[in-house]
Each structure stands twice: as C-alpha cells, then as structure tokens.
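Structure, as structure tokens:
Bear in mind that the values here come from a model prediction, so they are computed numbers and not experimental data. Just so it is clear: chains get the letters A, B, ... in the order the sequence lines come, proteins before strands, and each one is counted from 1.
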Number of protein chains: 2
Amino acid sequence: MRYVEGVPKQVDHEQRRRHLAEAVFAVISTQGFEAVSLRDVAEQAGVSMGTVQHYFPTKQQMLLFALSHMRDRVLARLQTTVAALREPTRRDLIRAATAVMLPVDPAGREEACVNIAFFSAATVTPAYAEQLRNGYGRILTVSVANFREASRLGELRDGVDPEVEAPALYFLTQGLVGPILVGLYSPAEALALIDAQLDRLFRAGTHAASTADKPRP
Amino acid sequence: MRYVEGVPKQVDHEQRRRHLAEAVFAVISTQGFEAVSLRDVAEQAGVSMGTVQHYFPTKQQMLLFALSHMRDRVLARLQTTVAALREPTRRDLIRAATAVMLPVDPAGREEACVNIAFFSAATVTPAYAEQLRNGYGRILTVSVANFREASRLGELRDGVDPEVEAPALYFLTQGLVGPILVGLYSPAEALALIDAQLDRLFRAGTHAASTADKPRP
DNA sequence: ACGGTTATCATGCGATCGCATTACAAAACC
DNA sequence: GGTTTTGTAATGCGATCGCATGATAACCGT
C-alpha cells in the first residue's frame, strides 16, 4: 500500500506525539526525570500504556522526541513573545528573549526543569547532547545577530563588542536558570542583574522602559 | 555501651562514606544519575551491596551525603588551587576560582556532571535544593567578597559595581558549564569569554599574565 | 461490502530495583 | 575469655520497569 505523506488516516499522528511529549514534560517537572516511566506518561496523558508504545517504539525515542518538541516549544514562545512587542528596539527584543528563557512563570519553570534534566542526561547520551547543541546554538546565533544589528544601528555604547557581549549575556542568562530553580536567586534579582547588564551595554534612551513604571503617552 | 565520639572501632567510618560517595560520582558521570543503583555503587567501590547498606540506610541518604561531599570536594579544590598561586592579585584569585568551576579537566568535568545531575534532581527533591543553595551560596559570597576587596584596592575600573559584577561573572561561569558539557562551547572559548569580562572589569596591569606567554622576569 | 490497516487497550514476561533478612568473621569490652 | 558490637557479604522479596504479545473496535480503499 502506498503511504501518502501528511494524510493521516484517523488521527493527527504528530499532534498525538506532541501531546504525549507534553505529558512527559509534566512528569519530569513534577516527579523528576528518573521517575519517567511509560506508565506514568500514559496516565498523565490519559491513555493506556499500549497507546504510548504505539506512537513511540522505545522509551528512548519518546524522550528524544520530547526533547526536540521542547526546543520547538521554546522557540515558538520566543517568537510569540517577541512578535507581541510594539515597535521594539533591539534592546527590547533582547530583554524579552532573555526573560522568556528564565523560569519566571509556570511555563518557563516547566521548560527549565525539562531542559536541565536533559542537560544532565546529555552527559551520557550523545543524542541528547546533539539536540541541545542544535536548540541552544540556534538561540545563541539569533542573539549574536541581534547584537550585531544593535551595533550597526548605533544602539550599543562605545567599546561594546557584540561578538563578546552577546554570548556573555546569553550564558549569564543560562547560568541564572539553575540558581532560580533551586531558590538561590529570585526571578526579580535575576532580571535586575540582566537589566544592569543591558544598561551597561546599551546607550540610554534605546528602550521604552526597563523596570520603572512607564510614563503616560 | 558507651559510644566514644570520634574514635572509630576498626575503620574510619566517614572515610568509608566518602569512598562510597566517590563511587557514586563515578557512576553518575559515566552511566548517568538515573542509572545509580546500590549494586552499581557497590561494584564501583569494590565492595558488596550489603556494605553500602551498612554505611547508608537508604539510597536517598547515600545520595544526599554524596552531594554534601561534592560540595566539600569543590571547595577543597578551590582552596588548593588558590593557595598554589604566588602573590596573586584579586583578579588572579577570581580567574583561578572561575577556572576551577569550569569543566576543563577530567576532575572538573566529573564534578560538573554530578552537580548538574543534582541540580536536575533538586527541582523535585527539596533536600538537594537546600544543599545546593548552601554550596553555591557560599562560593557566591566569597566571590562578592573578593570583588569588594578588589574594589577597595582600586583594581577595578571606574564605574564597576562589585555588587553587580561579582554575581554576573559568577552566573556567567555557571552558564558556561552546561554548554561545555554538551559540546556547544569549548573550554578555550569559555575561558576567553571569562578573560574578556575580566579585562572589562579590571584595570590593566592588575594581574601577572592572562593568556599570552609570560615575559621573562 | 469486505479485507486490511490503524488506534487502543489489557496482559504477560524477564530483568532490575531498593530494602530486609540472615550469616559469619573480626575487633572491642568487661 | 566469653559476650557484645561492628564490618562485610550473600540472599530473598515485593514492586516496578521496558517491552512483546494478543485482542478488539473503528476506519480506510477498492
């Protein structure tokens, strides 16, 4: 029988897989990565264990798909957040993107829990490491491009090298995730630290408003 | 029977526990956190499973002790590395401490693997989170103190706020650990990024030599 | 209409897990 | 020197794991 691409018989195969991936996220962020079992995922998704096996032959493939779906989910949330800004400056874009990657709301916290779990697993599972390099490398590339554009537009202070400061701000953001998750640093402190760095990198008046109340128009 | 404190009967109880903790580290960094079983740890340590149970009533207590031992081990390596410096400036101290926390050698990589594994587990196990806050909070405090001292000695450039830049450099370092572990960033690139930040924070001539060959005396 | 495919579920199986139990040798105590 | 305590090992047990198998109903193309 011929297999016609993109025309599912009864259900949307990929959507089911994404739904199961979301169940994986819920289990990881509530019970932990090591507690992920096919039975837990099935229960979380409201289906039987056999259904999970139907969409993922092995547990490894399920987790690997979940990781790639998490990458897509973070990128989508980044794009949505950025698109919601009205006439943003480069600083506004970078600030918003940074805030998305920090666990400041339930969605961000779930994503951070899942990502740190896969980072840990990636140290012994090369397939995870490759996927993480893909996702995080992509965001880093975009961040550097944003800084380059800001530099071209003259929004950066004198002497600020976008090739150095873009990765620095990006990895600083990543470094804040863990401490926030374990309660060593609060989201507010983290954002204050980010804003302090942005103040150092960008000229004054190159963004709408940082943390203060925005003045009436 | 009376229990005389600090006088072990035949073996050094705490040393045995540390030895088992090191076996835990080896298992985590080679097989992963979820693969840690009492049998694996026993085999890695060269003892029977019953011996592991003798020193740790439960697996949880074993892992919790391992985490506290890892904190001690990192702090000891920090102290040893810093003590080996000859007439270091504050910048030299901070640079050395930063390099210790990055996975640049096998020891550092093992520690990073273990720490990121516990960070992941800490999101669902408060006891781990508390232990991590303790360890990382301590290092952060020392780092801030070092920056304050550098500021007092006039080694920092004008306008550099130690209360902001100390945490920023510290979390930047933490943010580099994960990307290095998964191969997104090389240790050399990471150290170059750190040195670029140090160049920005410290006045010229406040350290012996950064990356260039040191001139003859 | 009907054979074939797909989606779903229930169940079974071997392996492994944490933990409890037991046995035994060596050191310590009185 | 006999008893108690401690270190070490071996083994058993119930639970859970990933995965394989079989059954059942819905949907498809011809």
Side-chain angles (χ1 to χ4, degrees), chain A residues 1-24 27-28 30-67 117 121 124-125 127-128, chain B residues 1-24 27-28 30-67 117 121 124-125 127-128:
Chain A
M1 155 182 202
R2 196 166 35 157
Y3 190 47
V4 184
E5 171 188 339
V7 181
K9 294 308 159 81
Q10 311 173 216
V11 302
D12 188 334
H13 211 81
E14 284 306 304
Q15 178 177 331
R16 288 272 206 229
R17 285 162 67 95
R18 286 191 292 268
H19 178 236
L20 290 174
E22 293 287 333
V24 171
V27 173
I28 290 180
T30 56
Q31 266 92 33
F33 189 81
E34 54 180 333
V36 173
S37 70
L38 300 185
R39 289 165 179 84
D40 288 342
V41 173
E43 185 183 13
Q44 178 71 37
V47 299
S48 74
M49 208 182 96
T51 298
V52 178
Q53 292 183 273
H54 175 67
Y55 289 99
F56 298 106
T58 69
K59 182 184 177 183
Q60 276 278 336
Q61 296 184 36
M62 178 183 72
L63 290 173
L64 194 56
F65 176 84
L67 178 54
V124 292
T125 305
Y128 296 159
Chain B
M1 153 182 213
R2 196 167 34 156
Y3 190 47
V4 184
E5 171 188 340
V7 181
K9 295 307 158 82
Q10 312 173 216
V11 302
D12 188 334
H13 212 82
E14 284 307 304
Q15 179 177 330
R16 290 273 205 223
R17 286 162 66 97
R18 286 191 291 269
H19 178 236
L20 291 174
E22 293 287 334
V24 171
V27 173
I28 290 180
T30 57
Q31 267 93 32
F33 189 82
E34 54 180 334
V36 173
S37 70
L38 299 185
R39 289 164 179 84
D40 288 341
V41 173
E43 186 183 12
Q44 178 70 37
V47 298
S48 75
M49 206 180 102
T51 298
V52 178
Q53 291 184 276
H54 175 67
Y55 289 99
F56 298 106
T58 68
K59 182 184 177 183
Q60 277 277 336
Q61 295 185 35
M62 178 183 73
L63 290 173
L64 195 56
F65 176 85
L67 178 53
V124 290
T125 305
Y128 296 159

(request) Could you tell me whether the phosphate oxygens of D/dT6, OP1 or OP2, come under 4.0 Å of any side-chain nitrogen or oxygen in B/Tyr55? (result) no
(request) Would you please confirm or rule out a distance under 4.0 Å between OP1 or OP2 of D/dG7 and any side-chain N or O of B/His13? (result) yes
(request) Nearest-nucleotide wise, let me know which of A/Gly46 and B/Gly50 is further upstream toward the 5' end of DNA chain C. (result) A/Gly46
(request) List in chain and number order the residues that pass side chain to side chain donor-acceptor pair (under 3.5 Å) with B/Gln44, two or more places apart in sequence or in another chain; answer none if no residue qualifies. (result) none
(request) Check whether any side-chain N or O of A/His54 sits under 4.0 Å from OP1 or OP2 of C/dA7, and answer yes or no. (result) yes
(request) Rounded to the nearest angstrom, tell me the gap between atom CG in B/Leu20 and atom C1' in D/dT8. (result) 12 Å
(message) Holding to side chain to side chain donor-acceptor pair (under 3.5 Å), I want the full list of residues that pass it with B/Ser48, two or more places apart in sequence or in another chain.
(response) B/Thr51
(message) Once side chain to side chain donor-acceptor pair (under 3.5 Å) is applied, do any residues pair with B/Ser37, and if so which ones, sequence neighbours excluded?
(response) B/Asp40
(request) Check side chain to side chain donor-acceptor pair (under 3.5 Å) between B/Glu34 and all other residues, then give those that pass, not counting sequence neighbours. (result) none
(request) Could I get the full list of salt bridge (Lys or Arg N to Asp or Glu O under 4.0 Å) partners for A/Arg16, not counting sequence neighbours? (result) none
Measure all distances between protein nitrogen or oxygen atoms and nitrogen or oxygen atoms of nucleotides 16-19 of chain C, and list the pairs falling under 3.5 Å.
| unit_1 | atom_1 | unit_2 | atom_2 | d |
| --- | --- | --- | --- | --- |
| C/dG18 | OP1 | B/Val36 | O | 3.3 |
| C/dG18 | OP1 | B/Lys59 | NZ | 2.8 |
| C/dG18 | OP2 | B/Leu38 | N | 3.0 |
| C/dG18 | N7 | B/Arg39 | NH1 | 3.0 |
| C/dG18 | O6 | B/Arg39 | NH2 | 2.9 |
| C/dC19 | OP2 | B/Lys59 | N | 2.8 |

(message) Can you see if the side chain of A/Thr51 gets near the phosphate of C/dC9 - specifically, an N or O under 4.0 Å from OP1 or OP2?
(response) yes
